[in-house]
Amino acid sequence: MSDCIFCKIVDNEIPAHKLYEDDLVLAFLDISPITKGHTLVIPKVHQESISALAPEYQARLIDVSSKIGKTFVRTQEYDGFNLHLNNGQCAGQVVPHVHMHVVPRIGTDGFHWNWRSLEYKENQIEVLITKFNEKFTT
Ligand code: 5GP
Ligand code: ZN
């Protein structure tokens with residue numbers, strides 16, 4: 001897609017610090033990292049939503065993302081990693097081209113996800129599961 005910044009990185013029209021590339025995916029350093037090593041893994045085809053991405057791209061995306069996280073741990077500079085994908089503007093997706101964030105972590109890096117802890121009321125769980133089952137397809 002001509003005006004997509006990540007497609008431009010795939011096409012070498014704008015520079016990026018690339019870590020890995022194969023026939024389906026490309027991994028490069030995030031320009032504004034949460035931790036040093038924060039990497040983005042993207043499909044080499046333009047698609048906004050993970051749900052619309054062909055299965056072989058989805059599979060390669062998760063496989064390469066976990067291998068990149070494992071590689072950072074192997075350097076012995078990190079103890080673990082987060083895999084994080086924002087799907088949709090409401091979920092925090094800014095760049096409309098699927099991307100997995102790989103965030104290498106150590107306990108002392110000072111970053112905390114802003115998690116919260118809600119509680120379900122009355123029959124909310126039963127309603128939620130019923131609605132989910134009505135729409136779920138593999
Ligand atoms: P999102 O919020 O869409 O999940 O994350 C988009 C990510 O893309 C952000 O972490 C941002 O720093 C990164 N990003 C945006 N533009 C560029 C760019 O031109 N180059 C690189 N390497 N990363 C970018
Ligand atoms: Zn794109």
Side-chain angles (χ1 to χ4, degrees):
M1 197 183 156
S2 58
D3 62 347
C4 170
I5 197 151
F6 287 176
C7 283
K8 286 185 175 148
I9 289 175
V10 170
D11 294 338
N12 291 309
E13 288 172 24
I14 61 170
H17 293 99
K18 296 180 183 177
L19 295 184
Y20 175 81
E21 183 166 12
D22 63 27
D23 54 331
L24 300 184
V25 301
L26 169 67
F28 53 94
L29 293 178
D30 194 295
I31 205 167
S32 183
I34 290 175
T35 64
K36 305 287 167 58
H38 179 173
T39 297
L40 301 174
V41 187
I42 67 170
K44 290 170 89 172
V45 62
H46 182 82
Q47 192 57 255
E48 182 165 350
S49 170
I50 183 91
S51 309
L53 196 59
E56 65 268 29
Y57 282 94
Q58 292 198 28
R60 188 69 64 82
L61 195 73
I62 185 73
D63 181 47
V64 167
S65 296
S66 78
K67 282 180 176 146
I68 286 173
K70 188 167 78 175
T71 303
F72 279 119
V73 172
R74 274 203 197 117
T75 68
Q76 301 190 340
E77 304 218 355
Y78 306 91
D79 296 326
F81 56 92
N82 293 108
L83 297 186
H84 183 90
L85 190 147
N86 297 322
N87 203 66
Q89 227 179 344
C90 68
Q93 184 176 7
V94 174
V95 178
H97 180 131
V98 176
H99 50 283
M100 182 74 83
H101 295 261
V102 184
V103 184
R105 302 299 305 273
I106 44 172
T108 54
D109 61 33
F111 179 71
H112 302 282
W113 299 100
N114 194 12
W115 237 228
R116 66 176 181 181
S117 183
L118 298 177
E119 281 180 17
Y120 290 102
K121 290 192 202 121
E122 295 155 14
N123 65 343
Q124 283 180 330
I125 290 180
E126 289 75 12
V127 171
L128 184 151
I129 290 174
T130 301
K131 284 185 182 168
F132 174 82
N133 284 332
E134 282 168 6
K135 297 293 179 190
F136 184 78
T137 55
T138 53

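In each ligand, atom 1 is the first atom listed, and ligand 1 is the first ligand listed. FYI, side chains are in, hydrogens and waters are out, and symmetry mates aren't considered; it's all heavy atoms of this structure. The first residue of the sequence shown is numbered 1, and numbering continues consecutively from there. In this text the structure is predicted, and so the values were computed from the model without any measurement.
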Does any N/O atom on [X] come nearer than 3.5 Å to any N/O atom on ligand 1?
{"X": "Leu29", "answer": "yes"}
{"X": "Leu40", "answer": "no"}
{"X": "Val95", "answer": "yes"}
{"X": "Gln93", "answer": "no"}

Flag, side chain of Arg105 to backbone of Phe111, donor-acceptor distance under 3.5 Å: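 Checking the backbone N and O of Phe111 against the side chain of Arg105, a donor-acceptor pair under 3.5 Å is found.
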
Pro96 backbone acceptor or donor facing Glu48 side chain under 3.5 Å: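 It does not hold such a pair.
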
Considering all heavy atoms, the nearest [X]-[Y] contact:
{"X": "Asn86", "Y": "Ala91", "value": "OD1-O, 3.2 Å"}
{"X": "Ser2", "Y": "Lys8", "value": "O-CE, 3.2 Å"}
{"X": "Lys44", "Y": "Asp22", "value": "NZ-O, 2.7 Å"}
{"X": "Asn87", "Y": "Ser49", "value": "ND2-OG, 3.3 Å"}
{"X": "Met100", "Y": "Leu85", "value": "SD-CB, 3.9 Å"}

Between His101 and His99, ring centroids under 6.0 Å: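 Centroid separation for His101 and His99: below 6.0 Å.
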
The Zn ion (ligand 2) - closest N/O/S atom in His97: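 Output for this pair reads ND1.
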
Name, closest N/O/S atom of His46 to the Zn ion (ligand 2):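 Per the distance ranking, His46 contributes ND1 as its closest N/O/S atom to the Zn ion (ligand 2).
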
Give the atoms of ligand 1, by number and element, whose distance to some non-hydrogen atom of [X] is under 4.0 Å.
{"X": "Asn86", "result": "1 (P), 2 (O), 4 (O)"}
{"X": "Phe28", "result": "21 (C), 22 (N)"}
{"X": "His101", "result": "1 (P), 4 (O), 5 (O), 7 (C), 10 (O)"}
{"X": "Ser32", "result": "12 (O)"}
{"X": "Val94", "result": "1 (P), 2 (O), 3 (O)"}

Plane angle bin for Phe6 and Phe28 - parallel if under 30°, tilted between 30 and 60°, otherwise perpendicular: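 Rings of Phe28 and Phe6: perpendicular, over 60°.
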
Nearest non-hydrogen protein atom, [atom]:
{"atom": "atom 6 (C) of ligand 1", "answer": "His99 NE2, 3.4 Å"}
{"atom": "atom 23 (N) of ligand 1", "answer": "Ile31 N, 3.3 Å"}
{"atom": "atom 9 (C) of ligand 1", "answer": "Asp30 OD2, 3.3 Å"}

Heavy atoms of other groups near Lys36 NZ, more than 12 under 6.0 Å: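 Counting other residues, nucleotides and ligands, NZ of Lys36 stays at 12 neighbours or fewer.
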
Neighbour count above 12 (heavy atom, 6.0 Å) for Gln89 CD: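 Result for CD/Gln89: open.
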
Ligand 1 contact on Ile5 by region, counting heavy-atom pairs under 4.0 Å: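 It is the side chain that touches ligand 1; the backbone stays farther off.
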
Which segment of Ala16 sits under 4.0 Å of ligand 1 when only heavy atoms are counted: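 The answer is neither.
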
Among Gly92, Pro15, Pro96, closest by any non-hydrogen atom to atom 2 (O) of ligand 1: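 Among Gly92, Pro15, Pro96, the closest heavy atom to atom 2 (O) of ligand 1 comes from Gly92.
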
